[in-house]
Amino acid sequence: MWKMTDQTKTLHSDFIASELEREIIAHMWPAGSKLDENALAQRFGVSRTPVREALHVVVSRSLAKREPYRGVVVADVSRDRIDQMFEAMSEIEAICGRFAAARMTMTERTELEAVHNRMQNVAQQRDFPSYDRINTEFHSLIFAGTHNEDLVETANAMRLKLAPFRSSQLQQAERVAKSNEEHTQIVMAILDRNSKDAERALRRHLQSAAKAVLQARSAKR
C-alpha cells in the first residue's frame with residue numbers, strides 16, 4: 001500500500017505554496033479571501049497536513065495572514081508594502097555586494113562567474129524557470145561571500161519573503177535580458193574587488209526588479 005512520505009509531503013506543500021503565491025500575486029484571490037484548508041486539500045488531492053505547511057509558507061512571505069476566528073486570509077499587499085520590502089532588500093544586497101567584493105576568495109569569485117555564464121546561456125534559450133532557479137544560486141553566492149553569518153541569515157530571510165515577487169518578474173524575455181545585463185555589472189565589480197561599484201550595482205538591480213514587479217502589477221489591474 002502506497003504511503004505519503006515526508007519527502008512527498010514536502011514536494012506537495014512546496015507545489016501548493018508556489019501555486020497559491022502565483023495566484024495571489026496575479027490577483028486571482030481578492031484581499032480578505034479565506035484560504036480554507038479543507039477546500040484546498042480537496043482541490044490539490046492531498047491531506048490537510050501539506051496544505052497547512054503550504055499556508056505557513058504563504059503567511060511567512062506576507063501574502064496572507066492569520067486572523068482570529070477566520071484562519072488564514074489573503075493579505076492586502078499594497079504597492080507601498082512591495083516598495084518597502086524591495087527597498088529593504090536592495091539595501092541588504094547592496095551591503096552584501098560591498099562585503100563580497102572585498103572578502104570573496106578566488107574560488108568563490110570563479111564560481112560566481114561560472115554561475116553567471118550559466119545564466120547567460122539559459123537566458124538566451126529563454127528557459128525562464130531555470131533562470132529563476134539559478135538566479136537564487138547567484139545571489140546566495142554573493143550572500144555567502146560576505147563571510148558574515150548574521151548578514152547571510154538576514155539576506156536569506158528577506159529573500160524568501162520576496163521570492164514570489166522576484167520570480168514573477170522573471171517570466172518575460174525582456175526583463176530576463178535586463179536582469180542578465182545587471183548581473184554582468186555586479187560580477188565585473190566583484191571580480192575587480194570594487195566594493196563601491198558592487199554596492200551600487202546590486203542596489204540598482206533590486207530597484208529595477210521592484211520597478212518590473214510594480215509595472216506588471218499595475219498592468220494586471
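No hydrogens, no waters, no symmetry mates; every other heavy atom, side chains included, goes into these values.
Looking only at side-chain heavy atoms (C-beta outward), Arg126 and Val176 stay at 4.5 Å or farther from each other. Counting heavy atoms from C-beta on, the side chains of Ile186 and His116 never come closer than 4.5 Å. For the pair Asn148/Phe143, no side-chain contact is recorded, criterion being any heavy-atom separation below 4.5 Å from C-beta on. Between Val72 and Lys34 the shortest side-chain heavy-atom distance does not fall below 4.5 Å. Between Val74 and Pro30, every side-chain heavy-atom pair lies at or beyond the 4.5 Å cut-off. Counting heavy atoms from C-beta on, the side chains of Val152 and Asn156 come closer than 4.5 Å. Counting heavy atoms from C-beta outward, Arg193 and Arg109 have side chains that approach closer than 4.5 Å. Side-chain atoms of Asp127 and Pro129, non-hydrogen and from C-beta on, do get closer than 4.5 Å to each other.
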- Go through Glu174 and Lys178 one step at a time and tell me if the salt bridge (Lys or Arg N to Asp or Glu O under 4.0 Å) criterion holds. CA-CA 6 Å; Glu174 183 179 354; Lys178 183 72 165 58; over 6 Å; no
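Both Val59 and Met85 are assigned to one and the same hydrophobic cluster, defined by single-linkage of ILVMFWY side chains at heavy-atom distances under 4.5 Å. Under the 4.5 Å side-chain heavy-atom criterion for Ile, Leu, Val, Met, Phe, Trp and Tyr, Ile24 and Phe44 are members of the same hydrophobic cluster. A continuous path of ILVMFWY side-chain contacts below 4.5 Å connects Leu141 to Leu202, so both sit in one hydrophobic cluster. Connection of Phe165 to Met158 is established within a shared hydrophobic cluster, with ILVMFWY side chains joined at heavy-atom distances below 4.5 Å, either directly or through further cluster members.
Ser18 places no side-chain N or O within 3.5 Å of a backbone atom of Asp14 that could act as its donor or acceptor partner. With hydrogens and angles ignored, the 3.5 Å screen pairs a side-chain donor or acceptor of Glu108 with a backbone N or O of Thr105. A side-chain donor-acceptor contact under 3.5 Å links Thr154 to the backbone of Asp150. Arg103 places a side-chain N or O within donor-acceptor distance of the main-chain N or O of Thr146, the cut-off being under 3.5 Å. Under a 3.5 Å cut-off, the side chain of Asp36 and the backbone N or O of Asn38 do form a donor-acceptor pair.
Note on ring orientation: taking the six-membered ring where Trp is involved, the planes of Phe138 and His183 are parallel (angle under 30°, cut-offs 30° and 60°).
Once rounded to the nearest 0.5 Å, the distance linking OG of Ser195 with CZ of Phe99 reads 9.0 Å. Note that OG of Ser90 is 8.5 Å distant from CD1 of Ile92, once rounded to the nearest 0.5 Å. Rounding to the nearest 0.5 angstrom, the gap separating the CE atom in Met119 from the CD1 atom in Ile134 is 6.5 Å.
For Met188, the CE atom is loosely surrounded, since the number of other residues' heavy atoms within 6.0 Å does not exceed 12. A 6.0 Å sphere centred on CZ of Arg43 holds more than 12 heavy atoms belonging to other residues, nucleotides or ligands. More than 12 heavy atoms of other residues, nucleotides or ligands shown are found within 6.0 angstrom of CD on Glu67. In Glu137, the CD atom is crowded: over 12 heavy atoms of neighbouring residues, nucleotides or ligands sit closer than 6.0 Å. Applying the 6.0 Å contact sphere to CD of Glu23 captures more than 12 heavy atoms from other residues, nucleotides or ligands. For CD of Gln84, the number of neighbouring non-hydrogen atoms (other residues, nucleotides, ligands) closer than 6.0 Å is greater than 12.
The minimum heavy-atom distance linking Ala75 with Ser62 is given by the pair CB-O, 3.8 Å. For the residue pair Asn135 and Arg159, the shortest heavy atom distance occurs at ND2-NH2, 3.3 Å.
The pair Glu199-Arg203 counts as a salt bridge, with a side-chain nitrogen and a carboxylate oxygen less than 4.0 angstrom apart.
Ser208 and Arg175 share a donor-acceptor pair across their side chains, judged by distance under 3.5 Å alone. Side chains of Glu93 and His205: a donor-acceptor N/O pair is absent below 3.5 angstrom, by distance only.
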